[in-house]
2 protein chains.
Amino acid sequence: MKELDIIQDVILNEHNQYLHNVSIDNVILVYHNKELKVLLQRPHGLAKWTLCGGYIKRTETIDEAAARIARERTGLEDLFLKQFKAFGNPTRTRDSAITVKFINEHIDHSTEKNNWMLDYFVSLGFYTLTEFELVRPTGELSAEECQWWDILKLPALLFDHKLIIEEALKALRLHLYNYPIGYKLLPEKFTLPEITSLYETILDKKLDDRNFSKKLLATGIITKLDERRNIGPHRSPFLYIFNKIKYDEALENGIVLSI
Amino acid sequence: MKELDIIQDVILNEHNQYLHNVSIDNVILVYHNKELKVLLQRPHGLAKWTLCGGYIKRTETIDEAAARIARERTGLEDLFLKQFKAFGNPTRTRDSAITVKFINEHIDHSTEKNNWMLDYFVSLGFYTLTEFELVRPTGELSAEECQWWDILKLPALLFDHKLIIEEALKALRLHLYNYPIGYKLLPEKFTLPEITSLYETILDKKLDDRNFSKKLLATGIITKLDERRNIGPHRSPFLYIFNKIKYDEALENGIVLSI
DNA sequence: CCTTTATTCCGTAAAAAATACGTAATATTA
DNA sequence: TAATATTACGTATTTTTTACGGAATAAAGG
């Protein structure tokens, strides 16, 4: 073995140590009927549900990959996406549901060719905020089912996807105090009771409506319209929109929402 | 081709799409002489400096990998580590410095075997906080040099490592407002002027010493000792330690340090 | 020994922000 | 037109944050 070969061999060995499966898992969230909901899919032949996930193409950035995955499932462009954490440990993709699927489909899961899904997997966690009304959940070919689930009543989830959702919510709560992102979950025009109850749901605590609206208005991020929503047998609440300029500024520099 | 083979082929193709190079880049920080310093190394035959990085073993979690990398460079166990962001795009590892190294070392960089470093690379960014006095920087065999650099006067860095450092500092600043992590950069016993100036350096703004110390003491996180530090021809400042119980609590639940 | 110098060490008053709280208006149904 | 469920909003109190200056002290130098 010549010296150069040895060097190349060392390099190649080192290379193999760097190679891992990498996926993106996207916690796509909406707010509907006073519930925070996450979009989940159930792959063909599997008894458990999964986050909307996918791989990274060699031609795109990880943010672009996450946006593409969100687009494939929601049909929407330009969604608000945020990377929040990477997950990786030797056993996170060990799940008996996969073995059951292989057995059911007569796939020989003892070969290296097929058991790769149980191998080391690094997953990059993103959350996406969007509006319930705009989304037409679509699993397309890759899933048997694709639908919204209340985050308080999740079905059985594959791998560590429950943990990933919990971490996404932790990150979302933290960001909610530092950025005006809550608005992304509401329609363009919304009422004060709606935004109050959204924040109450995410933060899981009761807010004083008078003080909360005072603070929101003080930031200048929302603007009152001369227009009301008809909500049936009750006084009609005013509609508000958010102020794009102030919003972008607060997104860039952060704000302190002491709520 | 039998049906099963086709399925397996599809699976295998999908598998390849998931495969990427994954590395960890660790922004190891200390505070010394009123400067925030980062530990960098210069690999053999390379003109540019890099963060302390490495790969993930298939037997460890990504946090364990980051801790191991920090240990290999600092000699210290149980460091404070925090994952802050993943980096990945098609061109982040294109750097002429690599090509120059290959040419200098007569390595044929046109073969797939050798140009893998220029391939798609996902890097998981961590920062590590520790004390200058405890660390003996050691590049060991993998680097020609390994030393501290003032974050305000960085040398030429490989790939996007300058960006990674900037993002680490952004994350550190944000965390500084929500967690009592600043203390990790100080020795066990420290003075009020020391911690004030540490926060001033990280946040890059002047603080009112009276109000800052009032707030710190109000959190209960630091405790005054009946002991002073001798600082030459000046009044000797009292020493403080931090309160482990309060500290852990604040680390767990977060605090709001309005500084 | 006394003066100089650079630094630490407080405390209080004013301003700003957060909190607590109750009642009148209103849109619809019966 | 009465009942019901909801929105709208202001003020007083408490808490937190900010602004600010002067006395104490450790060593060095004359």
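Because only heavy atoms are used, hydrogens play no part in the values below, and waters and symmetry mates are left out as well, while side chains stay in. Letters A, B, ... are given to chains in the order of the sequence lines, protein chains preceding strands, and every chain is numbered from 1.
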Do B:His234 side-chain and C:dA6 base share a donor-acceptor contact under 3.5 Å?
yes

For the side chain of B:Asp160 and the backbone of B:Leu163, is there at least one donor-acceptor N/O pair under 3.5 Å apart?
no

Between D:dA8 atom P and A:Glu194 atom CD, what is the distance in whole Å?
11 Å

In whole Å, what is the span from the NZ atom of A:Lys206 to the P atom of C:dA20?
14 Å

Nearest to the side chain of B:Arg228, heavy atoms from C-beta on, is which of D:dA5, D:dA26, C:dT19?
D:dA26

Considering only heavy atoms and no angle criterion, is a donor-acceptor pair shorter than 3.5 Å present between the side chain of A:Asp209 and the base of D:dA8?
no

Between A:Asn211 and D:dG10, is there a contact of a side-chain N or O with OP1 or OP2 at under 4.0 Å?
no

Out of D:dT18, C:dC9, C:dA18, which nucleotide sits closest to the side chain of B:Pro237?
C:dC9

Would you kindly compare B:Thr191 and A:Ser258 by the position of their nearest DNA chain C nucleotide and give the one closer to the 5′ end?
B:Thr191

Among C:dA20, C:dA27, C:dT7, which is the nearest nucleotide to the side chain of A:Lys214?
C:dA20

Rounded off to whole Å, could you give me the CG-to-C1' distance for the A:Leu216 and D:dC9 pair?
15 Å

Nearest-Å distance for atom pair CZ/P, residues B:Arg210 and D:dG22:
11 Å

Does the base of C:dT7 carry an N or O that pairs as donor and acceptor with the side chain of B:Arg235 under 3.5 Å?
no

Got a salt bridge between A:Lys34 and A:Glu200, using NZ or NE/NH1/NH2 to carboxylate O under 4.0 Å?
no

Below 4.0 angstrom, N of the basic side chain to O of the carboxylate: do B:Glu167 and B:Lys170 qualify?
yes

Could you check whether A:Glu64 pairs with A:Arg68 (Lys NZ or Arg NE/NH1/NH2 to Asp/Glu carboxylate O, under 4.0 Å)?
no

Rounded to whole Å, please give me the gap between NZ in B:Lys215 and P in C:dC10.
18 Å

Nearest to side-chain heavy atoms of A:Pro193, which nucleotide of D:dT7, C:dC9, D:dT17:
D:dT7

Spacing of B:Leu217 atom CG relative to C:dC10 atom P, expressed in whole Å
9 Å

Distance only, no hydrogens: is a donor on one side chain within 3.5 Å (strictly under) of an acceptor on the other, for B:Tyr31 and B:Ser197?
yes

In whole angstroms, the gap separating P of D:dT16 from CG of B:Asp208 amounts to 18 Å

Between D:dT4 atom P and A:Ile231 atom CD1, what is the distance in whole Å?
18 Å

Distance test, side-chain N/O of B:Ser236 to OP1/OP2 of D:dT25, below 4.0 Å:
no

